[in-house]
**Q** 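Handing you a structure now.
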Number of protein chains: 2
Amino acid sequence: MATGRSHRPATRSRGIPEATVARLPLYLRALTALSERSVPTVSSEELAAAAGVNSAKLRKDFSYLGSYGTRGVGYDVEYLVYQISRELGLTQDWPVVIVGIGNLGAALANYGGFASRGFRVAALIDADPAMAGKPVAGIPVQHTDQLEGIIQGEGVSIGVIATPAGAAQQVCDRLVAAGVTSILNFAPTVLTVPDGVDVRKVDLSIELQILAFHEQRKAGEVAAAGAVVPPVGSGPEPVAARRASAAGQDAATDQGPDGDVPAVMPT
Amino acid sequence: MATGRSHRPATRSRGIPEATVARLPLYLRALTALSERSVPTVSSEELAAAAGVNSAKLRKDFSYLGSYGTRGVGYDVEYLVYQISRELGLTQDWPVVIVGIGNLGAALANYGGFASRGFRVAALIDADPAMAGKPVAGIPVQHTDQLEGIIQGEGVSIGVIATPAGAAQQVCDRLVAAGVTSILNFAPTVLTVPDGVDVRKVDLSIELQILAFHEQRKAGEVAAAGAVVPPVGSGPEPVAARRASAAGQDAATDQGPDGDVPAVMPT
DNA sequence: CTATGTGAAAGACTTCACAGCA
DNA sequence: TGCTGTGAAGTCTTTCACATAG
C-alpha cells in the first residue's frame, strides 16, 4: 500500500499516524489538568513531561494536527484541548453499551472516566435473568434479549464486551449485526468481525505476561553480572545494548507497542 | 543496565523484538487451546489465524525464538507451548499484589486468568481500614500499612495498581521502594519510576477515545462519500485500505502501539 | 510438493537538529 | 532569544518472496 501521502490541504493533513492517535488522549488528559489549574500556556517540553513522552515526539504529533503553537511561547492550553477533543471526536455524544455485568462490567459501569469525555453509558446488558432490573451504577441492567432494540433505539455505535470468553464472539456478532462498528473487548478471545468494524482488546493476562518476560530478564542480568560485552549468546547485539539504557525509561513512560487489559475469564 | 547475557545455548539469540514479545502471549493462548483439544501440530497458517495475525509475522516471530518447526509439516503444539512459556518466564511462580480493592481491584482479584499462568495473587491491599480482613475472591484484604512487609516477605516483584488516580503515584513509590520492579497501572495517571522499573498502563478511557476517533472517521466517510476530504477515507489510504481487510483482524489481535486500560477514577 | 525460516525491501515510528517565526 | 515546526536520518516492524529442509 503506497502511502499516497496525498496533497495535504493546508493544515490538517488527513492521515494522522495511528501511534499519534493513541497518544492524543494522553495529551488531552495532561492538558485538561493544566486547564483546571488555569494554566494559560505550556511549552512542548512541559506538556511532554506531564504526558510522559519526549518533546520531539509531542511536537511531531501536534504537527499532524496543524500548527497550533506559537514559536517562542508554546501552546495555548484551552485551544489545544478543543482541537484535540474535536480531532478525537469527543465533542459529540457517544452512547455506549456494556455487555456482561460481572465484576468487571460493574467496575466499568462505575468508571467515572466515561462521562467525562462524551461517552455515555446507554445501557448495561447481561444474560443472567436474575440481573435484569437490578441497578448498577444507577443504571438498571437489561436482559440480552433487549440488545438489538437498545442498539438501534439509542443509535449506539460503540460496544464494550465484558463477558466470559465463551460468550464474547456471540455477543460481538449480535452487536455488529445490530449496528455497532467499534468494539472494546475485555474477554480473552480473538474476535472475528467484518471489515469496517474496529476492535480493540484489553487483556490483563497479556500485560502480566509481558511484564514477566522483562522481569525474568532482569533476574538473569543480575546473575550474569553486567559484563562489558555480552558473553555467550550470539554476538554483542547492538540492539540489546541500546535497550539496556532506554528500556527502563521508555517502557515506563511511553510504553511499547500493543496494549491490552483485563478480562473476566481464565486465559 | 547490560543486556546481553544469558547462558542460553544453541538457538535463542538474545534480543527478541518488543513487538514480538507482545504477541507471544497471544500465540500461547491459541496453542493452549489447541493443546486442550489434543491437536498435535499446527501450521503457521492455522496458528496465525487462531491468534489473529498473519502467518509471515508469526513465522518471523518464532524465528527469533529458534527453529522450532518442521518444514513441510508445521509446529509441534506441546513443544511450542513449553518454549514460549519458558521464554515468557511463565514456568516460574510470580507472586503479585493488587493495591486498591474497589470495583476494579475486586474484578482483577476474581480474574481467573491469573492463576493459569504462573501468576499468584499474594495479597490484596487497600487503604480503607473497613476493608481490612474482608475476603475478596477468597483472599483477605490487608491494610496499606502492611504493604512493605508483604512485598518483602513474599518476594513480590510485580504489583498491580487499581487505586484512584490520586493515590497511584504514592502507592507506586512505596511498591518500588519495597522492591517491586514491574507495575501494571490501571489508574489514569502517568507514573514516574526509577530506571529499571517497568510500567505498563491500562486505561479504558484512552481505548474508548481511540475508538471514537476511528468511529468519527467512518461517519465522515459516509457523509463525504470520498469527496472533498479524500485523504482519509476515500483515497486508497494505506492504513484505511489495510484496515478494511486486515484491520478488523489486526486491530483485534495485535493492536497498535501504546496500550492502556480501564481505571477507577475519571480522566 | 509442502510449509518453514529468513534475507531483503517496504513501511511506520522516533529522534535529531536546525531553520524560522514571534 | 526561545520554542515551535519539520525535513532528514535512524530505528523498529511488517511484508515479501523464495531457497530449503522434510
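Residue numbering restarts at 1 for every chain, and letters A, B, ... go by the order of the sequence lines.
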**Q** What pairs of residues pass the ring pair (Phe, Tyr, Trp, His ring centres under 6.0 Å) test when at least one of them lies in residues 17-63 of chain B, not counting sequence neighbours?
**A** B:Tyr27-B:Phe62, B:Phe62-B:Tyr75
**Q** Quick one: side chain to side chain donor-acceptor pair (under 3.5 Å) partners of A:Tyr79, sequence neighbours excluded?
**A** A:Gln83
**Q** With sequence neighbours excluded, tell me which residues meet side chain to side chain contact (heavy atoms under 4.5 Å, CB included) with A:Ala50.
**A**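 Only A:Ala30 meet the side chain to side chain contact (heavy atoms under 4.5 Å, CB included) criterion with A:Ala50.
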**Q** Please list residues of residues 38-46 of chain A whose heavy atoms come under 4.0 Å from any atom in DNA chain D, ordered by number; otherwise none.
**A**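 Result for residues 38-46 of chain A: A:Ser43, A:Ser44, sorted by number.
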**Q** Which residues pass the side chain to side chain contact (heavy atoms under 4.5 Å, CB included) test with A:Ser35, not counting sequence neighbours?
**A**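 A:Ser35 satisfies side chain to side chain contact (heavy atoms under 4.5 Å, CB included) with A:Val77, A:Glu78 once adjacent residues are dropped.
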**Q** With sequence neighbours left out, write down each residue that passes side chain to side chain donor-acceptor pair (under 3.5 Å) with B:Thr20, or none if nothing qualifies.
**A** B:Asp61
**Q** Restricting to non-hydrogen atoms, name the atom on A:Phe186 and the atom on A:Val160 that form the minimum distance, rounded to 0.1 Å.
**A**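 So the two residues come closest at CE1-CG1, 3.6 Å.
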**Q** Which residues satisfy the side chain to side chain donor-acceptor pair (under 3.5 Å) test with B:Thr91, sequence neighbours excluded?
**A**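 Not a single residue meets the side chain to side chain donor-acceptor pair (under 3.5 Å) criterion with B:Thr91.
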**Q** Would you say a side-chain N or O of A:Arg59 is under 4.0 Å from OP1 or OP2 of C:dC16?
**A**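 A:Arg59 to C:dC16 OP1/OP2: no side-chain N or O under 4.0 Å.
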**Q** Please tell me which of the listed nucleotides, C:dC13, C:dG5, D:dT6, lies nearest to the side chain of B:Ser67?
**A**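 Of the options given, the side chain of B:Ser67 lies nearest C:dG5.
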**Q** I'd like to check the side chain to side chain donor-acceptor pair (under 3.5 Å) partners of B:Ser43; sequence neighbours left out, ordered by chain and number.
**A**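 Residues passing side chain to side chain donor-acceptor pair (under 3.5 Å) with B:Ser43: B:Glu46.
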**Q** Has B:Lys57 got a side-chain N or O lying under 4.0 Å from the OP1 or OP2 atom of D:dT15?
**A**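 B:Lys57 to D:dT15 OP1/OP2: side-chain N or O found under 4.0 Å.
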**Q** Determine: side-chain N/O of B:Asn54 to OP1/OP2 of D:dT15, distance under 4.0 Å, yes or no.
**A**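 For B:Asn54, the contact criterion (side-chain N or O under 4.0 Å from OP1 or OP2 of D:dT15) is met.
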**Q** CG of A:Leu58 versus C1' of C:dC16: gap in Å, rounded?
**A**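 So the two atoms are 16 Å apart, to the nearest Å.
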**Q** In whole angstroms, how far is the P atom of C:dT14 from the CD atom of A:Glu18?
**A**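 Distance, rounded to whole Å: 11 Å.
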**Q** In whole Å, I'd like the distance from the CD atom of A:Gln83 to the P atom of D:dG5.
**A** 12 Å
**Q** Using heavy atoms and a sub-4.0 Å distance, could you list which residues of residues 71-78 of chain A are near DNA chain D? By number, please.
**A**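 Result for residues 71-78 of chain A: A:Arg71, A:Gly72, A:Val73, A:Gly74, A:Tyr75, sorted by number.
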